[in-house]
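No experiment lies behind these values; they were computed from the predicted model shown. In listed order, ligands and their atoms are each counted from 1.
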Amino acid sequence: MTQPTLETISNLAKQRGFVFQASEIYGGSRSAYDYGPLGVELLRNVKDEWWRAMVQLRDDVVGIDSAILQARQVWQASGHEEVFTDPLVECRNCNARHRLDKLEDANTCPTCGKSGTFTEPKPFHLMFRTHMGPVDSEENLIYLRPETAQGIFTNFENIRRTNRLKLPFGIAQVGKSFRNEITPGQFVFRTREFEQMEMEFFVRPEEAEEWFSYWQEQRFAWYVNLGLTEGNLRIRPHAEDELSHYSAETVDIEYRFPWDWDELEGIANRTDYDLKQHSEHSGEDLRYFDPDSDERFFPYAIEPAAGATRTTFAFLIDAYHEEAVKDETRTVLRLHHRLAPYKVAILPLSKKEELIEPVERIAAELRRRWMVEVDVTQSIGRRYRRQDEIGTPYAVTVDFESLEDKAVTVRDRDTMKQDRVSMDRLVDHLAEKLG
Ligand code: GAP
């Protein structure tokens, strides 16, 4: 099926309460977005699935939650203070500012269409600056973190020592990052405040290539297993001039977004760059001691770095389907069960008291295991449509017959097939389906 347009997805996201523009009542912003009741569940499920795959199901990766506000020296040592910039050009005709490396035609302004009007490119710094403490002085200058990774590198020795870790091992983190992007846009794809899911996997230098390939395979499979269409995913190696200052080799996992292929996740071989830099700048010895060979050395870091908010957006786009049902168009979000905000909707056929009592009883029981919505408004057909649009895998209908036969109707979102299931088997029935 053809992909939805950016407008279709952003309208659905807004109308159904997935995502709103931040500060919307004051005009809204393209820099940051607020996640509504459905969006926060979807985003949380994406982050939980990442955490489960990267930390909980493995015995060689541990987690961390480091501070957003770090000492300025962290960003001096990491090289971000000096080189974390994008090339900025300004159009002399319309004054629009653009990021040069993202322009389709480096000589033509996409805002006014004039050619040859750009100023010379200048490096534009991407880190947000603020001050720690009551005085706005240069000594108190700090940055909002532009990546979560540095909190991992600075805690390398703390975590290795306290958890008695041996190479190879990883440290994973999920959290907010901030970049003063020149041109935020394409809805939540590129924002100035966003969430990342990053892991540094520390290895012996001679094993770096092997692990670099391993993580590409693992990460690609993660997206496919959670339902992203494989044909909409690809791996693209970075050209030499695209590499970040810390990387020896990087590939991007790209998704076919409505506008073009674009990055979901970067997997980089950061070598020993970061640990060496922090050792030099802090004076702490961050080398790894290998008791078998009696050697000290800096491990290499293989880094799968994904965007949580960007990935959530891709899952939303990929799940969107429109299909003809009788004379109507049905919109359905075919989200993977594990990602769907609600797993089950309970729909009484009428608002009559005698149906509400069993509905509440069933809802209380199902809520112990899953996110459940009870919907008593509108016709049953409309309620099914609404649940399809928000991706709820199963709808349970309680009707007047249920009072007699102690059974309910379970409707499958994808096939629209309906099964009559006895109330006392409902939890098991849904557990088999939802996994
Ligand atoms: N620690 C490495 C690192 O930060 P990156 O490729 O700059 O690498 C990793 O970022 C991921 O973070 C990207 O693949 C993307 O999914 C997400 N990301 C980066 N900048 C973003 C932005 N402005 N808005 C939303 N997501 C962003």
Side-chain angles (χ1 to χ4, degrees), residues 19 22 29-33 35 39 43 46-47 50 54 64 66 68 70 74-75 78-80 83-86 99 101-102 124-128 143-154 170-201 212 215-216 219-220 222-223 228 233-238 242-255 257 261-271 273-275 277 301-317:
V19 181
S29 121
R30 288 191 312 149
S31 296
Y33 286 83
Y35 286 73
L43 178 60
V46 169
K47 291 186 287 185
W50 186 89
M54 301 297 275
I64 184 178
S66 71
I68 288 173
Q70 300 280 347
V74 170
W75 309 108
S78 70
H80 284 80
V83 300
F84 197 54
T85 59
D86 276 337
R99 190 174 144 183
D101 59 326
K102 290 284 171 193
F124 176 78
H125 213 284
L126 294 176
M127 284 200 291
F128 280 98
Y143 300 104
L144 298 188
R145 70 178 178 198
E147 62 169 12
T148 65
Q150 292 307 320
I152 297 177
F153 292 118
T154 55
I171 305 175
Q173 164 147 245
V174 174
K176 290 237 171 173
S177 291
F178 304 83
R179 296 182 191 176
N180 198 7
E181 299 282 358
I182 295 170
T183 42
Q186 281 126 337
F187 196 43
V188 296
F189 178 82
R190 180 170 291 104
T191 49
R192 293 182 170 129
E193 174 178 341
F194 54 97
E195 272 191 275
Q196 291 186 306
M197 309 183 288
E198 301 198 289
M199 198 267 285
E200 303 302 328
F201 198 73
F212 185 55
W215 282 111
Q216 289 177 44
R219 295 300 307 140
F220 193 92
W222 183 82
Y223 292 102
L228 274 199
L233 285 168
R234 71 176 187 190
I235 291 189
R236 186 186 67 82
H238 275 207
E242 270 182 281
L243 292 174
S244 307
H245 61 280
Y246 50 73
S247 173
E249 201 176 355
T250 298
V251 300
D252 282 346
I253 298 183
E254 293 190 331
Y255 178 71
F257 282 94
W261 289 98
D262 224 327
E263 176 184 348
L264 271 186
E265 164 162 358
I267 301 166
N269 175 358
R270 288 181 82 129
T271 68
Y273 173 84
D274 300 270
L275 290 180
Q277 287 290 107
I302 306 299
E303 176 196 65
T309 38
R310 191 178 282 187
T311 297
T312 299
F313 184 33
F315 280 117
L316 204 53
I317 295 169

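Less than 4.0 angstrom separates some heavy atom of Phe189 from each of these atoms of ligand 1: 24 (N), 25 (C), 26 (N). Near Glu147, meaning under 4.0 Å from one of its heavy atoms, ligand 1 places the atoms 1 (N), 2 (C), 3 (C), 4 (O). Atoms of ligand 1 found under 4.0 Å from any heavy atom of Tyr246, numbered from 1 in the order shown, are 2 (C), 3 (C), 8 (O). Close contacts between ligand 1 and Gly266 involve ligand atoms 14 (O) [criterion: under 4.0 Å to a heavy atom]. Atom numbering of ligand 1 starts at 1 in the shown order; those under 4.0 Å from a heavy atom of Glu265 are 14 (O). Heavy-atom proximity to Arg270, at under 4.0 Å, picks out these atoms of ligand 1: 1 (N), 2 (C). Less than 4.0 angstrom separates some heavy atom of Arg190 from each of these atoms of ligand 1: 23 (N), 24 (N). For ligand 1, the atoms closer than 4.0 angstrom to any heavy atom of Glu303 are 1 (N), 2 (C).
Among all protein heavy atoms, the one lying closest to atom 15 (C) of ligand 1 is Arg310 NH1, 3.5 Å. Remark: minimum distance from atom 6 (O) of ligand 1 to any protein heavy atom is reached at Glu263 OE2, 3.0 Å. Protein heavy atom at the shortest distance from atom 24 (N) of ligand 1 is Thr191 N, 3.1 Å. For atom 1 (N) of ligand 1, the closest non-hydrogen atom on the protein side is Glu198 OE2, 2.4 Å. Looking from atom 11 (C) of ligand 1 to the surrounding protein, the closest heavy atom is Ala305 O, 3.6 Å. Ranking protein heavy atoms by distance to atom 12 (O) of ligand 1, first place goes to Gln196 NE2, 3.2 Å. Of the protein's non-hydrogen atoms, the one nearest atom 16 (O) of ligand 1 is Leu264 O, 2.8 Å.
Side chain to side chain, Ser66 and Gln173 meet the donor-acceptor criterion of an N or O pair below 3.5 Å. In this model, a donor atom of one side chain and an acceptor atom of the other lie less than 3.5 Å apart for Glu265 and Tyr223.
In this structure, of Gln173, Arg179, Met197, Glu181, the residue bringing a heavy atom nearest to atom 4 (O) of ligand 1 is Arg179. Of the candidates Phe194, Phe313, Tyr255, Phe194 brings a heavy atom nearest to atom 27 (C) of ligand 1.
Using the six-membered ring where Trp is involved, His125 and Tyr143 have ring planes that are parallel, under 30° apart on the 30 and 60° scheme.
The minimum heavy-atom distance linking Trp75 with Glu147 is given by the pair CH2-O, 3.8 Å. Heavy-atom minimum distance, Gln150 versus Val74: CB-CG1, 3.7 Å. Taking each heavy atom of Ile267 and Trp215 in turn, the nearest pair found is CD1-O, 3.9 Å.
Heavy atoms of Arg145 stay at 4.0 angstrom or farther from ligand 1.
At least one side-chain heavy atom of Tyr255 sits under 4.5 Å from a side-chain heavy atom of Ile317. Counting only heavy atoms from C-beta outward, the side chains of Arg190 and Arg99 approach each other to under 4.5 Å. Counting only heavy atoms from C-beta outward, the side chains of Phe257 and Gln186 never approach each other to under 4.5 Å.
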For Arg145 and Glu198, run salt bridge (charged side-chain N to carboxylate O under 4.0 Å, His left out): C-alpha distance rounded to whole Å, both residues' side-chain angles, the deciding distance at 0.1 Å, then the answer.
CA-CA 13 Å; Arg145 70 178 178 198; Glu198 301 198 289; over 6 Å; no
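With rounding to the nearest 0.5 Å, the separation of CZ in Phe178 from CG in Leu126 is 14.5 Å. Expressed to the nearest 0.5 Å, how far CD of Glu303 lies from CG of Asp274 amounts to 8.0 Å.
Between Thr309 and ligand 1, no pair of N/O atoms sits closer than 3.5 Å. Considering backbone and side-chain atoms together, Pro146 places no N or O closer than 3.5 Å to any N or O of ligand 1. Considering backbone and side-chain atoms together, Gly307 places an N or O closer than 3.5 Å to an N or O of ligand 1.
Taking 4.0 Å as the cut-off between side-chain N and carboxylate O, Arg236 and Glu242 count as a salt-bridged pair.
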